[in-house]
Amino acid sequence: MIEKAFDPAIAEKEIYAEWLRENLFHAADTSEKQPFSIVIPPPNVTGMLHMGHALNNTLQDLIIRFRRMSGDNTMWMPGTDHAGIATQNVVEKELEKEGKNREQLGREEFVERVWQWKGKYGGLIINQLKRLGSSCDWERERFTMDAGLSRAVREAFVRLYNDGLIYQGDYIVNWCPRCHTALSDLEVEYKETPGNLWHIRYPFADGSGEIIVATTRPETMLGDTAVAVNPTDARYSAVVGKKVILPLVNKEIPIIADDYVSPEFGSGAVKITPASDPNDFAMAERHHLEIVKVIGGDGTITAQGGAYAGQDRYQCRKSVVADLEAQGYLVKVEPYLHKVGGCSRCVTEVEPFVSRQWFVKMEPLAKMAIAAVVKGNTRIIPSMWEATYFDWLNNIRDWCISRQIWWGHRIPVWRCLNCEKIIVATDDPSCCPQCGESNLRQEEDVLDTWFSSALWPFSTTGWPEKTEALKTFYPTSLLITGFDILFFWVARMMMMGLYLMGDVPFRDVYLHALVRDEQGEKMSKSKGNVIDPLNMIDKYGADAFRFTLVAFTAQGRDVRMSEERIQGYKFFVNKIWNAARFTLINLEDFIPDSDYSSNSLPDRWIRSRLNKTIQEVTEALESYRFNDAAGGIYHFIWHELCDWYLELIKQTLYNKEDLAQRRATQAQLRTTFKTILQLLHPFMPFVTERLWKEFASGYIMVSDFPRHDPVANDAQAEAEMTMLQDVIGAIRNVRGEMGIATTKKLAVTVITEEVAVFTAGKAYIEALANCQQVVILDHTAPEPKGCATGVTVKAKVFVELGGMIDIASERVRLEKEVAKISKEIEAASQKLANEDFVQKASAAVVQKEEMRFQEAKEKLAFLQKALMRLKEFSS
RNA sequence: AGGCGGAUAGCUCAGUGGGAGAGCGCCACGCUUACACCGUGGAUGUCGCAGGUUCAAGCCCUGUUCCGCCUACCA
């Protein structure tokens with residue numbers, strides 16, 4: 001017999017090792033079976049498992065296990081992402097502790113050092129995923145910097161370049177002065193920050209007056225090359241074309257007219273610093289203005305800043321403001337709340353910076369990505385995200401893919417030092433194809449990490465090689481990821497997949513929500529509200545933890561996590577475990593190989609209910625309604641199987657006289673339990689695998705997922721069971737309301753038109769309502785006196801209290817019932833009295849309403865009679 | 001500024017046109033031989049607000065308030 005309680009810590013370890021040993025996670029490259037594939041959103045190598053990973057991977061494992069059991073050739077591709085800036089930062093911090101920096105080490109040695117770090121710590125999150133039970137195809141594990149994936153990156157770059165979709169140019173980009181690299185637009189996080197709006201006087205060069213401009217960044221004025229006003233602004237039409245003297249710099253700059261300027265804001269005149277503001281940069285292109293870089297890549301003022309050269313940008317702001325004030329140029333200072341962009345990796349304020357960078361031309365790629373979703377080649381679930389997806393792609397800007405860091409895929413571009421020829425190649429060139437020179441210099445920059453991630457759905461299966469795996473598993477079937485990387489990753493995979501593979505990277509995309517704490521706050525270390533998934537697994541077991549995540553994943557809703565809930569589902573695991581113990585205890589003498597079939601009501605009923613549950617859970621999983629799937633199986637196991645079925649069959653199991661029926665019920669019990677273990681397996685892989693050993697040989701994870709059978713529904717059995725359940729409920733209600741102990745046996749009379757059903761079910765009522773005697777009488781029989789009474793749709797129930805009836809509490813109980821039913825009657829009669837309702841509502845609805853009305857009226861009459869009798873009894 | 005989502009029992013949330021639900025918590029009674037990590041019974045809601053459509057609205061439409069998120073170049 002199994003132990004009294006399930007010990008997840010031991011079982012999880014053993015079972016996972018068995019699955020690995022038996023190689024059950026591995027999918028064949030080619031197979032007769034229908035392929036089903038998912039690529040994991042590769043966690044950063046620097047990552048530690050957090051709630052987001054836990055949710056993400058639980059959902060993937062759930063679907064993967066469901067598909068595997070359903071007979072598909074199921075491949076879940078695992079791996080990690082090299083996470084350029086994040087990883088470089090981690091290693092640089094390590095160096096810092098040793099009093100070194102990366103420049104001292106030099107590029108090669110630094111990269112070597114990162115690889116060492118990766119070897120040591122990079123696998124941690126993979127092991128953490130295993131703790132969850134993830135059934136990834138570990139043999140296939142990939143890393144975005146692997147040789148194969150690096151080759152894919154070069155191939156993609158070269159193709160894009162040759163097709164004119166990659167270009168290099170001097171543009172203003174988001175620059176992090178601390179990471180010392182360019183960032184894409186997506187890597188900047190804007191935060192509302194209190195600042196000031198400084199109003200500054202710019203005198204006209206001809207001495208005829210002045211124009212006032214407003215700015216949030218006075219230090220940038222050192223690099224101003226114009227002042228702009230709106231061409232329709234009458235206040236300024238006369239001054240357009242004039243020159244002003246740039247204060248502190250003493251340089252003449254023009255006043256220009258441009259639609260971009262909003263006349264309503266500030267003074268309606270804006271200073272233009274093309275090197276320090278993207279809008280100003282665009283304006284400089286339109287008006288051919290000079291670009292003066294006064295802020296350098298390290299955030300200090302350049303030599304162009306004259307007297308301020310060398311100052312930090314914030315220090316310079318103070319100096320400039322002080323000088324403007326001293327020289328009478330400062331008109332006023334207003335407090336001003338504005339959005340300031342920060343580096344998403346280190347929170348340093350981003351500096352718009354003009355530099356030479358590489359870009360991917362997005363428009364043609366975006367068009368393909370839009371069309372694929374419009375045509376339905378890829379479905380986005382929940383569909384509300386489609387709008388966001390389209391909106392972003394329709395307004396997309398070119399993607400800055402170069403990063404001035406060392407950890408990443410170095411851009412495969414070389415320059416011939418002799419003839420300046422640019423060479424773009426997948427393999428390192430040994431000499432210049434134009435002049436034969438062997439002195440070539442490779443581009444220093446590396447690619448944005450997301451460039452390689454964008455290739456993940458096909459680079460992982462071997463692209464650009466035409467491998468069997470690629471043929472079998474591309475397009476992948478499903479991607480499950482958080483909505484927060486819809487742009488970063490999903491959209492870019494769509495573009496790259498369509499462009500390089502000629503087909504979408506996945507058929508379905510399921511976007512799940514964020515995991516928050518129970519107050520709905522985002523979990524963060526600084527808030528101290530993080531719940532560590534590994535800690536939860538240690539405390540409650542992976543099964544309970546997983547089930548919690550699934551049960552709270554409703555489409556379009558955040559997942560609010562709390563320890564209390566996980567504990568609740570641990571109780572559920574315990575319930576299952578004990579139901580299994582009960583089952584096993586009662587199957588000890590059972591020989592499973594004979595063919596039994598039972599027609600007892602509980603057996604027919606549970607077959608029907610189980611069948612419907614299979615259907616419900618299957619349909620919910622197929623449409624990604626995770627909470628419904630979890631809820632359906634929870635309800636069945638706890639409230640149908642345990643609460644009713646196991647109780648109902650006890651008498652049959654304990655009765656050794658009727659061996660045939662006992663055997664048949666044992667068989668049904670065994671089948672039912674095995675089936676729910678299979679149904680539950682994708683949700684709770686460990687406890688189900690553990691229990692499976694007690695029921696069958698082999699592994700549940702590769703057994704067949706239950707299939708529902710449309711003809712197995714037994715409406716008759718369900719209807720009869722409902723009659724019995726209602727009567728049992730009525731008796732229990734009397735017991736509970738009258739304060740009679742559950743151990744006290746009752747004598748009950750049931751008066752009904754369904755004499756046959758209740759006579760057959762008498763023993764069940766006796767057992768579940770704890771009665772010593774149940775008498776079933778036809779509806780023509782006289783009603784017994786001195787009883788507490790209850791009424792159901794199909795029966796009147798009389799509970800004998802042996803003259804000890806507590807009249808006061810019985811009256812309260814009956815009056816409560818009367819009030820409830822009266823309300824029902826009123827609602828129903830009102831509807832039926834409404835001619836519009838009777839005419840316009842569907843016949844079925846009207847009929848239902850009439851039936852409800854009739855039933856309620858009968859119940860009410862009975863209850864009123866009972867109340868009357870009660871009065872007679874008491875007087 | 002625009003877009004999206006949410007507002008239903010004390011808490012967390014299901015419920016997309018016909019009798020307001022679940023889990024947890026709460027109250028009462030019970031250690032009945034699978035389970036006290038349990039069982040049985042009970043209490044609890046102007047379904048954010050205001051209009052409208054409909055025989056019928058938590059659900060559809062319009063407006064509105066509050067909360068959250070995303071996108072955006074207003075200095």
Side-chain angles (χ1 to χ4, degrees), chain A residues 2 4-6 190 197 213-217 220 228 260-262 264-273 277-283 336 338-339 352 382 384-385 387-388 391-392 395 483-484 486-487 513-514 516 518 520-522 544 551-552 554 556-558 560-562 564-565 567-586 627-628 631 634-635 638-639 642-643 646-647 650 654 729 732-744 768-770 816 823-824 827-828 831 834-842 844-846 848-849 852 856:
Chain A
I2 56 174
K4 277 218 114 171
F6 177 57
Y190 290 90
L197 202 53
V213 299
T215 180
T216 53
R217 299 197 59 195
T220 63
Y260 158 75
V261 183
S262 155
E264 288 80 37
F265 191 89
S267 61
V270 57
K271 60 190 258 334
I272 302 300
T273 322
D277 184 283
N279 301 306
D280 295 5
F281 184 83
M283 204 179 297
Y336 186 66
H338 62 143
K339 301 231 169 158
M384 63 177 179
W385 289 108
T388 310
D391 190 59
W392 188 71
N395 299 299
F483 68 81
D484 50 324
L486 178 60
F487 307 141
L514 245 54
R516 299 170 179 281
E518 48 195 323
E521 305 251 355
K522 214 166 164 171
F552 283 91
R557 263 284 232 249
D558 287 337
R560 293 198 186 192
M561 184 45 65
S562 81
E564 206 180 39
R565 276 150 230 234
Q567 192 189 36
Y569 286 112
K570 188 198 163 204
F571 296 164
F572 179 45
V573 174
N574 180 256
K575 187 77 177 173
I576 295 160
W577 183 263
N578 278 289
R581 285 192 77 220
F582 170 85
T583 301
L584 292 167
I585 287 166
N586 287 288
N627 59 325
D628 287 343
Y634 179 95
H635 184 263
W638 203 309
H639 298 300
C642 293
D643 285 354
L646 297 187
E647 296 303 325
K650 275 178 179 171
Y654 298 159
R732 284 171 170 178
N733 174 267
V734 168
R735 187 193 287 282
E737 293 279 276
M738 306 290 284
I740 303 164
T742 22
T743 42
K744 166 113 175 101
L768 271 75
N770 196 27
K816 217 158 64 179
K823 245 187 184 168
E824 264 180 52
K831 271 191 188 177
N834 184 342
E835 248 176 69
D836 282 329
F837 172 74
V838 179
Q839 274 173 13
K840 292 182 184 168
S842 76
V845 169
V846 175
K848 211 166 126 191
E849 203 62 37
R852 184 181 305 152

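Just so you know, these numbers come straight off a predicted model, no measurement behind them. Chain letters run A, B, ... following the sequence lines, proteins first and then strands; every chain starts at 1.
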Exercise. In Watson-Crick or G-U wobble terms, both distances under 3.5 Å, what is the partner of C73(B)?
Worked result: none
Exercise. Just checking Val838(A): base, sugar-phosphate only, or nothing, at a heavy-atom cut-off of under 4.0 Å?
Worked result: nothing
Exercise. In whole Å, what separates the C1' atom of C49(B) from that of G6(B)?
Worked result: 16 Å
Exercise. If you look at every strand shown and take non-hydrogen atoms under 4.0 Å, does Phe572(A) touch a base, only sugar-phosphate, or nothing?
Worked result: nothing
Exercise. Looking only at N and O atoms, is any donor in the side chain of Glu737(A) or the base of G41(B) less than 3.5 Å from an acceptor on the other one?
Worked result: no
Exercise. Any donor and acceptor pair, going by atom type alone, linking the side chain of Arg735(A) with main-chain N or O of Asn770(A) inside 3.5 Å?
Worked result: yes
For this session: Kindly indicate whether the side chain of Arg735(A) and the base of G41(B) share any N or O donor-acceptor pair separated by less than 3.5 Å?
Result: no
Exercise. Partner of C4(B) by Watson-Crick or G-U wobble geometry, both contacts under 3.5 Å, or none?
Worked result: G68(B)
Exercise. Where each residue is assigned the nucleotide of RNA chain B containing its nearest heavy atom, which of Phe483(A) and Gly729(A) is assigned the position nearer the 5′ end?
Worked result: Gly729(A)
Exercise. Relative to each other, are the rings of Phe572(A) and Trp638(A) parallel, tilted or perpendicular (30° and 60° limits)?
Worked result: parallel
For this session: For Ser842(A), report the nucleic acid contact type (base, sugar-phosphate, nothing); a contact means any heavy atom under 4.0 Å.
Result: base
Exercise. So what does Gln839(A) hit on the nucleic acid, given a heavy-atom distance under 4.0 Å: a base, only sugar-phosphate, or nothing?
Worked result: nothing
Seminar exercise, completed: Partner of C49(B) under the Watson-Crick or G-U wobble criteria, both distances under 3.5 Å, comes out as G63(B)
Exercise. Side chain of Phe487(A): nearest nucleotide among G30(B), C70(B), G42(B)?
Worked result: C70(B)
For this session: For Asn574(A) and for Asp836(A), locate the closest nucleotide of RNA chain B by heavy-atom distance; then report the residue assigned to the nucleotide nearer the 5' terminus.
Result: Asn574(A)
Exercise. With both distances under 3.5 Å as the test, what is the Watson-Crick or G-U wobble partner of C13(B)?
Worked result: G21(B)
Seminar exercise, completed: Answer for the Watson-Crick or wobble partner of A34(B), both distances under 3.5 Å, is none
Exercise. C1' atom, G68(B) versus C74(B): distance in rounded Å?
Worked result: 25 Å
Exercise. Of the nucleotides C70(B), C55(B), G42(B), which one has an atom closest to the side chain of Asn834(A)?
Worked result: C55(B)
Exercise. Watson-Crick or G-U wobble partner for A28(B), using a 3.5 Å limit on both distances?
Worked result: U40(B)
